[in-house]
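Please read these numbers as outputs of a predicted model, since none were measured by experiment. Within every chain, numbering begins at 1; the chains are lettered A, B, ... in the order of the sequence lines, protein sequences first and strands thereafter.
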Amino acid sequence: MKGFIFDLKSQGEKIKIVFKNKTQEKTIIKKFPPYFYLKKYDKAIETVPEIKEIKKEKKENQVLYKVIVDNPGSVIKLRKDLKEFEPIEANIPHVYRFLIDNNLYAMRMYEHNEEGVFEKVVDEKIKLKMASFDLEVYNKEGIPNAEKDAILMISYCDEKESRVFHWEKGKGSEKEMILDFLSKIKKEKIDVLTGYNSSGFDLPYLKKRCSVLGIELDLSKDGSPVNIKKGAFSTKADIFGLLHFDSYDGVAFLNKIGAMNIPKKDLESVYKEMFGKEKLDVEPWKIWRMWEEGGEELKTLIQYNKEDAIAAYEIAKELLPLYIEISKIIGLPIYEITRMSTSQMVEWILIREAIQKGMIIPNTPSEKEVKQRMMNGIKGGFVKQPEKGLHEKIAVCDFRSLYPTLIIAYNIDKTTYNKKCDDYNVSPKGHRFCKKPIGLIPKMLKELLEKRIEIKKQMKQFKEGTNDYKFFYYRQWALKIIANSSYGYMVYARAKWYSREAGESVTSWAREKIHETIKKAEEDGFKVLYTDTDSIFLKLGDKKTKEDVFNLVRKINKDLPEGMELEFEGYFPRGIFVSSKKGERAVKKKYALIREDGALEIKGFELVRRDWSNIAKETQRKVIKTILEQGSPEKAKEVVKKVINEIRERKINLKEFIIYTQIKRKVSSYEQQAPHVKAAKKLIKAGYKVKTGNILEYVIVQGSGSISDRAIPIQLIGNKKYDADYYINNQVLPAVMKIIREVGITEDELKYKGKQQGLNKWF
DNA sequence: TCCCAACGGGG
DNA sequence: GTGTACGTTGGGA
């Protein structure tokens, strides 16, 4: 049968594999006894009951003792019990070890022949059937409690249909609804189940409700339960043989690697950002009431539930192909990939590479070592203070994959650092790296980048937007993501092949290159506005043209080592830069640019937190847009003045002044009397219940006392008036001053109505 | 400047 | 899992 390894798990001495293709699926069991190594040996070890066999083996000219045991759990036990014999390679999960030792890659195509051997075959597109779901639950008391709060509705969406399972008081029941939903999932034979934050909420909640109601939540391929793992920062849910892919994880991942820039990652914002479409939004604290009220309210809730599943499905559809490609590169199942940082991805590639070379896999550092590494920071890229203010005619150039190309060009790696050799490079930091043999990370990078060039060539044979094009697009993207993570890996505190020397050499060479670039640009008569690590912003003025920039780029590229390249990134008619020096080193990246087609690129200004009022966020956005589109600080001034005036004259809806803050613990246990804490106390005094997790909505009102004293919950607002001065001075002005200070406008100019005359022109 | 608390997604 | 943990920001001291 031809297919791919979709999922696998460890069972004692065996590995259970789900092997499938478009139409068929089978479970394969392989014997693979767990093992690890000891550096030292003593006869007494032979009597340890968990040990089945001990074999001598040579690795890197060292004699090692391979200890084969009865099950994976014994490895954990023995690596502690036998600590004095120096265990190594004793923390590689059993299924990973199975794949790596057998040179098998999950998600790649194999022919599983009659002898039970996996033979490589030509790679093919993998198609998986996916469905999404979303729950709405009863939440009268704030954060819903799965022990008692029922699921009210479950939406389902796949390629062909979307629908909502629901019940009402006196019509159907929660139990029937869940059973209907589960039988739908079974019937459709889906491979991938998705949702939005379904790891953190929907799946754990569904599991709990099933156990409360006495329903078996049977979604896996082998009867094993949905496995919920609660972590300190996130909860993960997995199902054997059915891939659970949380589209929120995907979005968070893309944000982290900089492939997306969505500061607020709730479903509505993400959906709008990705597809440009609005979806219905319902404020969560209204859900229980809408359900109880029935009628039109209930209909709205059902529609919301339905749209959530559709949105989650569409997002997952965009991201899953990327994960499939990453999975093929790393060779581990998608499920594992979705939970990994890019550093961990790099590490698994290196482990494969090292094992093939017969190297010993270094142990992961101790927590003490990790802390030490973290405290000992590495100097990063060079940032030239921006010339603050508004500028016109800006050209931006950047080095293509600067860090990866440096790592290859100078063979920067832990394994090439300070070794004996005749031919080497010395970094500006003074560290020596041998030119040969090629290091682990440089080798990985070379292969990834070469592969990417080849894939991009193939991609260009197809029309953009076609399925063939997309297939290659995702593949080259996956290669790029991993290549770009190589520097991060070197300086990742938990890395097995961590190297401070390698890391600081990469950044020192990078600083050298950007300094050389600045020098050449200035020699050519360009004004350098700003540089950051690998990019340079040039002001063209009246004398320079785009053509001059192209010439400069060509000139610089002639002198760069092989593989390195400066590229023209874009032309921007206008931009605002803010210099915010933090200490001597770090400069926060804050700028806003407008492209020729009117698209805005904003970095570092975003006010996305819910503890800023709408009026502040909205005004800031308007100001940036006005300055960039019209190029006039005066126009921006008008915008702010108008808003301030409207606040003073109370022309703006109270809603715009609400500040949202979540109560994260018991109200009585707060030490600091922050505004939201005081507001919560007022609510309690008035007879309301305030539970952990509730989001408080409050407004700062006129009166005496501290800001906290004047934080009034929206429920108790009555006819109290918002404090115009507070919103002007502590919300709107701080938000907009970040920007317009740089174009020469002072706070006073905005704040006061000014002297008697001449003002009316603003209003 | 340092340190701590809050925040994130979901209802 | 061959387990136990993030990264950033704002405000107050």
Consider the side chain of [X], meaning its heavy atoms from C-beta on, and name the nucleotide among [options] that approaches it most closely.
X: Ile287(A); options: dA6(B), dG11(B), dG9(B); answer: dG11(B)
X: His94(A); options: dG11(B), dA5(C), dT2(C); answer: dT2(C)
X: Tyr335(A); options: dG8(B), dG11(B), dG1(C); answer: dG1(C)

| query | What integer number of Å spans the P atoms of dG1(C) and dA5(C)? | reply |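 Taking atom P in both dG1(C) and dA5(C), they lie 14 Å apart.
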| query | Rounding to a whole Å, what distance do you find between Met374(A):CE and dG7(C):C1'? | reply |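 Between C1' of dG7(C) and CE of Met374(A): 11 Å.
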Using a cut-off of 4.0 Å on non-hydrogen atoms, how would the nucleic acid contact of [X] be classed: base, sugar-phosphate, or nothing?
X: Asp134(A); answer: sugar-phosphate
X: Arg494(A); answer: sugar-phosphate
X: Tyr248(A); answer: sugar-phosphate

| Residue-phosphate contact under 4.0 Å: Lys265(A) side-chain N/O, dG9(B) OP1/OP2 | yes
Side-chain donor-acceptor pairs of residues 82-90 of chain A under 3.5 Å, sequence neighbours excluded:
{"from": "Glu86(A)", "atom 1": "OE2", "to": "Lys40(A)", "atom 2": "NZ", "distance (Å)": "3.0"}
{"from": "Glu89(A)", "atom 1": "OE1", "to": "Lys59(A)", "atom 2": "NZ", "distance (Å)": "3.4"}
{"from": "Glu89(A)", "atom 1": "OE1", "to": "Arg97(A)", "atom 2": "NH1", "distance (Å)": "2.8"}
{"from": "Glu89(A)", "atom 1": "OE1", "to": "Arg97(A)", "atom 2": "NH2", "distance (Å)": "3.3"}
{"from": "Glu89(A)", "atom 1": "OE2", "to": "Lys59(A)", "atom 2": "NZ", "distance (Å)": "2.9"}
{"from": "Glu89(A)", "atom 1": "OE2", "to": "Ile361(A)", "atom 2": "N", "distance (Å)": "2.9"}

| task | Using a cut-off of strictly less than 4.0 Å between a heavy atom of the residue and any atom of DNA chain C, enumerate the qualifying residues of residues 66-87 of chain A by number. | result |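 Heavy-atom contacts with DNA chain C come from Pro72(A), Val75(A), Ile76(A), Arg79(A).
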| said: Any salt bridge linking Glu53(A) with Lys66(A)? Criterion: basic side-chain nitrogen under 4.0 Å from a carboxylate oxygen. | reply: no
